[in-house]
A.B. asks: 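Before anything else, here's the structure in question.
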Amino acid sequence: MRHLIDILDFTTDEIDALLDRADDIIANPEKYQEVCKHKKLATLFFEPSTRTRLSFESAMLSLGGSVLGFSEAKSSSASKGESVSDTIQVVSAYSDIIAMRHPKEGAPLVASFRSGVPIINAGDGGHFHPTQTLTDLLTIRREKGRLDNLTVGFCGDLKFGRTVHSLISALSRYTGIKIVLISPDELKLPTYMKTDVLDKNNMSYRETTDLVEAMKELDILYMTRVQQERFFNEADYIRLKDSYILTAKKMESAKEDMCILHPLPRVNEISVEIDDDPRACYFKQVACGKFVRMALIMKLLEVEA
Ligand code: NCD
C-alpha cells in the first residue's frame, strides 16, 4: 500500500505518469466517470481549507466515488481528546482512502503508520503540501511545455509556506532549474530546506529581498500569502504581511511569457488588476488541482480506466 506524505515518496517517472494521466483526464473526462464507483474518500481536515478539500471531494465525485469527512477539528473527536492515530484507525475502517490536513508537522506521516488505507497529506503545518505540488507541476508543464531549464522565483513567506517547500523538493529532480528566493529576512527559506534539498542536490539558487530586481530573469513567479496562522505574534504579521504586492507596474520588466502562480487563497500579494494579464495562471492552476488529484486517487487505489 502506498501513501503520499512527501512529494519525494514518488519517483520522477511516477510523477510524470500522474501528470500524463491528469492530461488524459482533462482530454477525455468521460473515460473516468465510474472508475472509483463504490469507493469512498474520507477528507479529515483538522485545519481550515476551501480549495484543497473541495478539490479532493470534486475529484472523487468525478471518478464516480463518494466522500465523507469533516472540515474542522472541533467537529471531530479530536475535540474530545482523541489521538490522530486512533482517529485514523477508526476512519480507515469506514473509507478506502484518506486525505488529511493537520496543523502539526508530521501528523499525516504518523497517521500512515496506523492506517489500513492510503493516506494523502493535504498539508501538515508549515512543512509539506505534496498535492499542491502536483497541481503546480501540472500547471507549469501545461503552460511551459517542460519541467526542466526553468528559472523559478518564490516570493513571500518562504519560511512557513509549505507549498514552497514541496515544490522546491520536486524541482530538485529536474535539470537546469534555477531558484530565486525572494523574501524579507524574517521569512527566508528554512535551513533544513537549504541543506537537505538545495545544497544536497547542488541546485542553483540565490536569495534576495527585491522582487523587481529578480523579475526579468524569471520564467515562473510563485507568489505566496504570508501565513498568519503560523506567526507567534500579531505585530510581526502586521509588519510583514504586505512585504510584496505584485502590481502591473512591477510586471513591466517581466518576460512576455512568464507564468504567475499562487496556491491561493490570495490576500494582498497580487493586485486584482493582474488577473486579466495573460501571464496570470493561478485560476488555471486551481482547475489543474482537481484533475491531478483524480489521477492521484486512481494511482493510490490502484484502479485503471
Ligand atoms: C495553501 C496551503 O494551505 O498551504 N493553500 C492551498 O492549499 N491551496 C497556501 C496558503 O494557505 O497560503
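All ligand and atom numbering here is 1-based and tracks the order in the structure.
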A.B. asks: Mind listing the closest non-hydrogen atom pair of Ile274 and Ala248 along with its distance?
C.D. replies: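 That closest heavy-atom pairing would be CD1-N, 3.5 Å.
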
A.B. asks: Between Asp257 and Lys255, does any side-chain N to carboxylate O distance fall below 4.0 Å?
C.D. replies: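 Result for this pair is no, no salt bridge flagged.
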
A.B. asks: Is the Phe128-His165 ring centre distance short of 6.0 angstrom?
C.D. replies: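 That pair fails the under 6.0 Å test.
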
A.B. asks: Give me the nearest non-hydrogen protein atom to atom 4 (O) of ligand 1 as residue plus atom name, then the distance to 0.1 Å.
C.D. replies: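 Closest protein heavy atom to atom 4 (O) of ligand 1: Arg162 NE, 2.7 Å.
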
A.B. asks: In ligand 1, which numbered atoms sit nearer than 4.0 Å to a non-hydrogen atom of Thr52?
C.D. replies: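 Listed by number with element: 6 (C), 7 (O), 8 (N).
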
A.B. asks: Among all protein heavy atoms, pick the one closest to atom 8 (N) of ligand 1 and tell me residue, atom and distance.
C.D. replies: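 Nearest protein contact, heavy atoms only, for atom 8 (N) of ligand 1 is Pro263 O, 2.9 Å.
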
A.B. asks: Got a donor-acceptor contact below 3.5 angstrom from the Asn121 side chain to the Ile5 backbone?
C.D. replies: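 Judged by distance alone, yes, a pair lies under 3.5 Å.
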
A.B. asks: Examine Arg225 against ligand 1 and note whether any of their N/O atoms are separated by less than 3.5 Å.
C.D. replies: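 Yes - when backbone and side-chain N and O of Arg225 are compared with those of ligand 1, one distance drops under 3.5 Å.
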
A.B. asks: Using side-chain heavy atoms (C-beta onward) and a distance below 4.5 Å, is Thr208 in contact with Arg206?
C.D. replies: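 Yes, at least one pair of side-chain atoms sits under 4.5 Å.
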
A.B. asks: Hey, is Glu47 close enough to Arg230 for a salt bridge, meaning N to O under 4.0 Å?
C.D. replies: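 Looking at Glu47 and Arg230, the cut-off is met.
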
A.B. asks: Which of the numbered atoms in ligand 1 are below 4.0 angstrom from a heavy atom of Thr163?
C.D. replies: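 Those qualifying, in numeric order: 1 (C), 4 (O).
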
A.B. asks: Within the structure, does Pro265 bring an N/O atom to less than 3.5 angstrom of an N/O atom in ligand 1?
C.D. replies: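 The answer is no, given that Pro265 and ligand 1 share no N or O pair closer than 3.5 Å.
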
A.B. asks: Under 4.0 Å from a heavy atom of Arg51: give me the atoms of ligand 1 that qualify, with their elements.
C.D. replies: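 Those qualifying, in numeric order: 8 (N).
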
A.B. asks: Considering only non-hydrogen protein atoms, determine which one is nearest to atom 5 (N) of ligand 1 and report residue, atom name and distance to 0.1 Å.
C.D. replies: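 Nearest neighbour among protein heavy atoms for atom 5 (N) of ligand 1, to 0.1 Å: Leu264 O, 2.9 Å.
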
A.B. asks: One residue to check: Arg101. Relative to ligand 1, which of side chain, backbone, both or neither has a non-hydrogen atom less than 4.0 Å away?
C.D. replies: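 Answer for Arg101: side chain.
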
A.B. asks: Could Arg266 and Asp275 be called an ion pair, given the rule that one side-chain N must be under 4.0 Å from one carboxylate O?
C.D. replies: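 Looking at Arg266 and Asp275, the cut-off is met.
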
A.B. asks: Does Lys241 make a cation-pi contact with Phe231 (under 6.0 Å, within 45 degrees of the axis)?
C.D. replies: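 Judged by the rule (NZ or CZ under 6.0 Å from the ring centre, within 45° of its axis), Lys241 is not positioned above Phe231.
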
A.B. asks: Looking only at distances, please establish whether an N/O atom of ligand 1 is found under 3.5 Å from an N/O atom of Glu229.
C.D. replies: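 Checking ligand 1 against Glu229, no N or O pair falls under 3.5 Å apart.
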
A.B. asks: Side chain or backbone of Thr224 under 4.0 Å from ligand 1, or both, or neither, by non-hydrogen atoms?
C.D. replies: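 Near ligand 1, Thr224 shows nothing, with every heavy atom at 4.0 Å or more.
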
